[in-house]
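Only one structure is covered here, and it is reproduced in the block below.
Sequence lines set the chain letters: A, B, ... in the order given, protein chains first and strands last, and positions in each chain run from 1. These figures come from a predicted structure and were not determined experimentally.
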Number of protein chains: 2
Amino acid sequence: KIVFEDVYKRYKIGKVDVNALNGISLTINKGEFVCIAGPSGSGKTTLLNLIGCLDSSTTGNIYFDDYNITNAKEKVLEKIRKEKIGFIFQSFNLIETLNVFENIEYPSIGKKVNKKELYERIENFLKEIEITELKKRFPNELSGGQKQRVAIARAFVNQPQIILADEPTANLDSATANKVISLMKRINKEQNTSLIFSTHDYEIMNMADRIIRIHDGKVKGEEIKNG
Amino acid sequence: KIVFEDVYKRYKIGKVDVNALNGISLTINKGEFVCIAGPSGSGKTTLLNLIGCLDSSTTGNIYFDDYNITNAKEKVLEKIRKEKIGFIFQSFNLIETLNVFENIEYPSIGKKVNKKELYERIENFLKEIEITELKKRFPNELSGGQKQRVAIARAFVNQPQIILADEPTANLDSATANKVISLMKRINKEQNTSLIFSTHDYEIMNMADRIIRIHDGKVKGEEIKNG
Ligand SMILES: Nc1ncnc2c1ncn2[C@@H]1O[C@H](COP(=O)(O)OP(=O)(O)OP(=O)(O)O)[C@@H](O)[C@H]1O
Ligand SMILES: Nc1ncnc2c1ncn2[C@@H]1O[C@H](COP(=O)(O)OP(=O)(O)OP(=O)(O)O)[C@@H](O)[C@H]1O
Ligand SMILES: [Mg+2]
Ligand SMILES: [Mg+2]
C-alpha cells in the first residue's frame, strides 16, 4: 500500500522553481491496477520515481506499507526497490553488456532463488511475449519495441509486489501491446501484484481498476473502472 | 524522390542471419506524407535509417532524387543528411551539453543562414509546440514527451526536403500529438516537405497520404488515404 500526503517535488532551474509535483495526495492499495494519465510534462514520471524510492520528495510524506519512507536511509530504500518493486522505465535502461536473458535475470542476482525455477520463469516470459529467439542478443541488436518487451520481462521475473511502468507500450504495435497488457493483468489477478502505470494508451486505461488523472503536478480527477 | 529496388539489410548474429529488410521495393514521391506501419521488429527503423543515409543496404539499390546512393561515399551521404533531411529518432538523440534552444539550432551550425530569420523560426516552433518556457533547459531537466518535442522542432528548423520520423508521437499524450502532427501536416503542404514516418498511431496514419505496411522486412500492403 502506497500513501502520499501533500507531496511536492520541486526543481530549481537557475532562479526559477519548477514544481514537477504540486501537492499530491493519494492512496494505492495492494493488488490494485492503477493508471496515471496526464499530458506531457504533467508529473507522471516524477510520481512513479517517488513511489519507486528512486527519488525523494521536496516536502510532504510518503508511506510504503504503512512505513514512513520520506526521510528513509538509502539502504532502506534500496532494500524496498530490490525486494518489492519491478521497474519498466520510459527509456528501458537495459544493460548493454548483458544479453536479453542476462538482462532479465539481472534483478535476481544475489538473491536466494531456486535457479531452476528462475530459469523456467524466464523462459516462460520469453515465450509469452514472443522474444524467445532473441535471448542471446544484446540491446544494440534489438528494435525499440523488442527492448521494451525485455524491460517488461525483467520487471516481472522477480515476482515483485508492485510493478511500476512508465508508458510500457509506447513503442509497441497494438497487437503486441494487447498481449503484453493481458499478461500483466493476469499476473495482477493471480499473484495480487499491484500495477501502477503511466500511460497515454486508452486501451491500457480501460483495463485498469482506477485511473488517476494528473495535470501540472496535481491530481485533477479519478475514475473507478471496474467497481 | 526515394526509390528502393529489392533492398535487403542483413545482420549476422553468431552464425545466424537476421534479415531486418527482406527484399523491399518502393517509391516515395516528393511532397508525399507516407506512414510506415508494422509490428514491433518488422523493419521500420531499419528502413528509415536506409532512406536517411544513416546505414547502407546489404544488397539492392537505393536512389535519392534519381541519384544511385547505394555505394556512395560517406561524404556524399553526409551532404544529403545535412542539407536535405531532418531526423526525429526513436530515442530523440538530444545533445546533453546543449540546452533546448541550442539543440534546435544545432543542425544549422556551419550553414550560411540568416541568423535573424533562423532565430525567429526557432522561436515560432518553440511557441507552436508549446515548449517556449523550456528553451534554456538541458535534456536531463525535461520529461520524455518534452524531449520528443525538442527533437521534432530540431528536425524542422533547417527546412529540409524530407522529414524522417521514427514514432514521433510515441511519448506524447493525444492532445499534444494532434498539435504536433497538425503542424507537420501544414509544413508538408506549405513547403512541399516530404514526411516519412514510422508509427503505431492510427491518428497519424489517418492523416497520411499513403500507408506502407511492412512485416518481417517485406512490404505487405499499401493504402492510399487521400487519393
Ligand atoms: N543492429 C542490429 N543487429 C541485429 N539485428 C538487428 C539490428 N537492428 C535491428 N535488428 C533486427 O532487425 C529487425 C528489424 O528491426 P527494426 O529496428 O527495423 O524494427 P522496428 O520495426 O523498428 O521495430 P519497433 O517497432 O520495435 O521499433 C528486428 O528483428 C531486430 O531485432
Ligand atoms: N530533473 C529535472 N529537472 C528539472 N525539471 C524537471 C526534471 N524532471 C522533470 N522536470 C519537469 O517536471 C515536470 C514533470 O516532469 P515529468 O517527467 O514527471 O512529466 P511526465 O508527465 O512524465 O511527462 P511525459 O509524458 O512527457 O513523459 C516537467 O515540466 C519537467 O520538465
Ligand atoms: Mg514521463
Ligand atoms: Mg523501431
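- Annotation: B:Lys12, atom NZ; neighbour count of heavy atoms from other residues, nucleotides and ligands within 6.0 Å is above 12.
- Atoms OG1 and CG, on B:Thr199 and A:Asp173 in that order, are 11.0 Å from each other to the nearest 0.5 Å.
- Within the 3.5 Å criterion, the main-chain N or O of B:Asn171 finds a donor-acceptor partner in the side chain of A:His200.
- None of B:Gln148, B:Arg149, B:Glu130 except one satisfies the side-chain hydrogen bond (donor to acceptor under 3.5 Å, both in side chains) rule with A:Ser40; the exception is B:Arg149.
- The distance from atom CG of A:Leu142 to atom OG1 of B:Thr45, rounded to the nearest 0.5 Å, is 12.0 Å.
- Counting heavy-atom neighbours within 6.0 Å of B:Asn140 CG, excluding the residue itself, gives a total above 12.
- At a 4.5 Å heavy-atom cutoff, B:Phe92 makes no contact with chain A through either its backbone or its side chain.
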Check your understanding: Run the side-chain contact (heavy atoms from CB on, under 4.5 Å) check on B:Val18 and A:Glu141 step by step: do they pass?
Key -> CA-CA 10 Å; B:Val18 171; A:Glu141 297 168 320; over 6 Å; no
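- A:Gly41 and B:Ser143 get closest at one heavy-atom pair: N-OG, 3.6 Å.
- Contact count against chain A (heavy-atom pairs under 4.5 Å) is highest for B:Gly144 among B:Ala37, B:Gly144, B:Gly38, B:Ala177.
- With a 4.5 angstrom heavy-atom cutoff, B:Gln146 touches chain A via backbone and side-chain atoms both.
- Of the listed residues (B:Ala20, B:Gly14, B:Gly145), the one with the most heavy-atom contacts under 4.5 Å to chain A is B:Gly145.
- Summarising the local packing, OH of B:Tyr106 is surrounded by 12 or fewer heavy atoms from other residues, nucleotides or ligands at distances under 6.0 Å.
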